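Letters go in sequence order (proteins before strands), and every chain restarts at 1. All values derive from a computational prediction rather than experimental measurement. Note that these values count all heavy atoms, side chains included, but never hydrogens, waters or copies made by symmetry.
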Amino acid sequence: MEKYNHKKIEKKWQKRWQNSNLFKTDKKDNSKEKFYLLDMFPYPSGRGLHMGHTEQAAVTDTLYRFYRMNGKNVLHPQGFDSFGLPAENFAIKTGIHPSESTKTAIKTFKKQMDSLGLAYDFTGDVITSEPNYYKWTQFIFGKFFENKLVYKKNSKTNWCNSCSTVIANEQVKEGKCERCGTEIEQKYVPSWMFKITDFADDLINDLDKVDWPESTIKNQRNWIGKSQGAEIKFKVKSLKLKVENENLKFIKVFTTRPDTLFGSTFIVLAPEHELIVECQPQITNYDEVKKYIENAKKKTDMQRVEGKGKTGTKLEGIFAINPANNKEIPIFISDYVLSGYGSGAIMAVPAHDERDFEFAKKYNLEIIEVISGGDVLQEAYIGDGILINSGEFNGLLGKEAIKKITEFVKGKMVSNYRLRDWSISRQRYWGCPIPIVYSPDGQPKFVGEENLPWLLPTDVDFIPTGEAPLIKSKELKQRVERIFGKGWTPEADTMDTFVDSSWYFLRYLDPENDQKFASAEAIKHWMPVDLYIGGAEHTCMHLLYARFFVKAMKKIGLIDFDEPFIKLRHQGIVRDKVGKKMSKSKGNVVSPDEMIERFGADATRAYMLFVSPLEDDIIWNEENIIGVYRFLEKVWNLKSLIINYESQITNNKIEKLVHKTIKKVSEDIKELKFNTAISALMILVNEMEKQKEVTVVNYQLLITLLSPFAPHLAEELWAQLGNEEFILMQNWPKYDLELTKDKIINLVIQVNGKLRDVIEVAFDISEEDVKKIALKSEKIKKWLIGKEVVKIIFVKGKLLNIVIK
RNA sequence: GCCCGGGUGGUGAAAUUGGUAUACACGAGAGACUUAAAAUCUCUUGGGGGAAACUCCGUGCGGGUUCAAGUCCCGCCCCGGGCACCA
């Protein structure tokens with residue numbers, strides 16, 4: 001018999017599948033139930049497909065085949081998230097234009113995906129850097145612009161010196177650039193902002209509607225960071241003009257603890273607070289204050305936090321009035337108060353806030369205990385408790401105190417969020433051009449749908465200078481003047497690539513439509529995504545942004561649903577055998593190509609699914625893939641054991657096991673428990689081998705069950721049995737429930753909860769009968785000598801537990 | 001510091017959700033085939049005691065609930081991830 005040779009069969013079936021257009025979905029077929037199965041699409045890196053892609057693909061491909069065989073109309077598209085920095089950096093190094101290197105990389109990716117036998121539908125080529133795609137990114141931007149969901153702001157932004165561009169808050173990890181690890185600086189750069197904060201509440205509340213991993217939901221909630229509290233106004237007075245009713249201003253503060261208001265002994269403003277400039281004439285030490293502000297501006301956020309202890313400067317000449325007790329309290333500025341959160345000002349309560357306590361200790365400020373608890377002269381007491389030193393409110397507790405004091409000082413209950421608006425301007429070349437032009441007097445205007453796609457110019461040098469490369473494009477400049485008139489200028493920034501990936505799942509539904517980003521019918525039929533598979537590293541970025549896009553698009557009437565991804569699961573990370581992340585610099589990268597060459601696509605895919613549960617990391621240990629390869633080999637070799645007559649032994653034992661396996665594999669795939677599904681198949685194969693014979697029917701059932709995991713091998717064996725249709729077009733096997741139940745079972749006999757005997761009995765044996773057998777058993781009897789039986793617990797079909805004293 | 005996960009053989013991991021702990025696989029050891037090796041096949045493989053039958057211990061640690069705990073409750077320890085001066 002011929003040996004299992006993956007090289008021979010895999011190429012052959014890949015070609016046949018391609019030639020018959022097997023993986024193309026008829027999106028208009030309403031006769032079957034739809035299933036939208038989505039992969040997070042890849043960035044087509046020049047290095048080609050890595051193991052992470054391979055694992056994700058193995059997961060969705062298995063599911064695609066399973067659901068299709070189960071009669072669903074499965075949409076399983078794939079595209080490329082092809083704008084981005086690596087291609088541009090590569091261009092700077094080599095002179096090869098990003099559009100060229102991107103095209104080459106996409107070709108490589110597709111070839112590698114084919115060599116894994118992946119059933120992707122590439123219809124319409126959804127490639128974000130192609131004008132027929134980014135035209136619609138710009139269209140949506142235009143709609144957002146018209147509906148005031150995007151605005152331009154000159155504010156402090158996160159600047160990465162190495163990437164020479166602004167990046168969004170979500171793209172800063174521990175004060176460093178998420179992409180290159182460079183420390184982020186604060187820089188004032190005019191930037192287009194998406195109003196994601198308008199949707200903060202919906203982004204939190206609608207998390208109740210999705211079936212996502214708990215940690216991902218928690219991360220999103222945490223990122224949005226909603227906190228409820230009160231906004232309270234403090235009057236500001238000047239020492240020079242210390243006369244009645246001579247209020248300079250108000251300071252608004254946000255606090256989650258208005259119940260501690262009587263303990264507020266000073267006010268702290270962020271260095272950027274507007275009051276400082278407004279009260280300049282009244283502030284007597286303005287020079288000193290100015291120095292502090294300038295110093296603070298120079299620090300990065302990291303440095304502000306890391307710096308030893310808190311710093312600050314008192315604003316001499318002015319003071320605030322605590323509205324609870326009308327006490328005059330000093331005003332400080334300090335960079336421990338953030339300008340971007342709340343109103344950029346706090347009421348400091350040193351007795352009950354660690355930061356305020358530290359500040360008060362350093363500057364010798366009054367500490368008044370207003371919640372009874374710890375020793376507030378030693379450290380701040382943070383918890384809830386009974387109010388003291390709070391006038392008529394003494395004795396109140398928690399919520400009631402919060403409510404009453406807020407009412408008393410005419411405060412307002414408000415919510416604040418950690419989430420900031422999404423800055424999307426990038427001072428780089430290889431991104432979607434922002435479709436905005438400026439009038440001669442500097443007013444921004446959307447270029448208009450008739451001018452889309454607003455093409456990315458090609459006459460540009462990419463060397464980063466900190467200035468957007470598009471500024472240097474003559475073509476763009478001329479284009480703008482030609483269309484809009486003399487003196488009009490283009491926007492030179494491009495968009496964050498996360499914008500491109502915030503709506504691609506809609507384009508897949510109708511990728512060849514040149515009238516709309518997708519037809520209303522297609523969206524209605526296919527959305528939302530039934531199952532989304534991708535890495536957990538996107539919990540605060542891509543997923544948040546895509547959800548925002550859907551909510552914003554719904555608000556302006558472009559679509560009519562509010563959550564894009566109903567069910568989401570993450571695959572783990574593929575690590576090397578000592579558990580390190582694979583990376584080029586560590587030199588521990590394993591290439592899928594090499595694995596396909598050595599073990600085949602089937603073994604590579606099945607191994608990734610077998611070796612650990614979906615969401616756990618994969619330790620890539622080559623010693624282990626052998627086991628899966630041997631298993632596939634065994635399935636191949638079983639051919640020689642096929643018999644054409646009815647065999648009593650085989651029927652009884654194997655048939656029952658086959659039906660049990662159908663049940664187990666079907667249920668496990670649905671629950672994404674691929675590792676145990678494959679082990680169930682291994683058990684079946686081991687048993688068939690042991691019996692030394694297998695009927696054609698059972699063998700066919702085995703390879704059908706195997707086909708989602710090892711499609712090439714299954715297809716080859718299926719054809720060798722004389723079948724003409726692809727195995728993918730077969731119905732998924734059904735099991736006979738009766739056959740999955742054992743008539744004879746092993747029943748456990750325990751004494752005081754310890755296993756003492758196992759008896760073979762009918763599955764439905766009565767308690768009385770079990771007791772009789774158990775009490776006769778020598779193994780049991782010896783434990784009962786001289787003991788009193790207190791009670792007997794019987795669990796039908798499982799065990800009998802005799803409790804003795 | 002706060003919020004999530006997670007600690008089970010030499011290794012990757014199972015365990016019907018409270019009911020036989022370690023399925024499946026790798027590795028290791030022994031044997032068979034072979035002139036030999038590779039491949040393949042068979043057996044053994046949590047620890048201790050015992051010729052054996054058998055028995056005691058065992059799911060990070062310490063308590064608890066229960067006839068019964070890897071699984072539930074309380075208190076710790078360690079590892080991974082996210083957030084972090086957010087008032």
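At the heavy-atom level, A/Thr539 lies nowhere under 4.0 Å from the strands shown.
Looking only at side-chain heavy atoms (C-beta outward), A/Trp620 and A/Val611 stay at 4.5 Å or farther from each other.
Considering only side-chain atoms of A/Ile683, the nucleotide from B/rU20, B/rA87, B/rA23 that sits closest is B/rA23. Among the nucleotides B/rA15, B/rC54, B/rC85, the one closest to the side chain of A/Thr676 is B/rA15. The side chain of A/Asn801 lies closest to B/rA68 when the candidates are B/rA87, B/rA68, B/rC56.
When the C1' atom of B/rG19 is taken as reference, atom CG of A/Asn752 falls 15 Å away, rounded to whole Å. For the pair A/Lys673 NZ and B/rA13 C1', the computed distance is 13 Å after rounding to whole Å.
As rounded to the nearest Å, B/rU35 and B/rG47 have C1' atoms that lie 43 Å from one another. Nucleotides B/rG49 and B/rG64, compared at atom P, are 30 Å apart to the nearest Å. Spacing between B/rC56 and B/rC76 at atom P, rounded to whole Å, works out to 35 Å.
Between A/Lys782 and B/rU55 there is a side-chain polar atom (N or O) within less than 4.0 angstrom of OP1 or OP2.
Pair assignment for B/rC2: B/rG82, on the basis of Watson-Crick or G-U wobble contacts that are both within less than 3.5 Å. Using Watson-Crick or G-U wobble geometry with both donor-acceptor distances under 3.5 Å, B/rG27 finds its partner in B/rU45.
Both tests hold for A/Lys639 against A/Trp636: distance to the six-membered ring centre under 6.0 Å, angle to the ring axis within 45°.
Between A/Asn624 and A/Lys791, the residue anchored nearer the 5' end of RNA chain B, judged by the nucleotide with its closest heavy atom, is A/Asn624. Position along RNA chain B of the nearest nucleotide to A/Ser215 versus A/Gly225 favours A/Ser215 as the more 5'-ward residue.
Remark: the A/Ser334 side chain and the A/Tyr363 side chain contain no N/O donor-acceptor pair separated by less than 3.5 Å.
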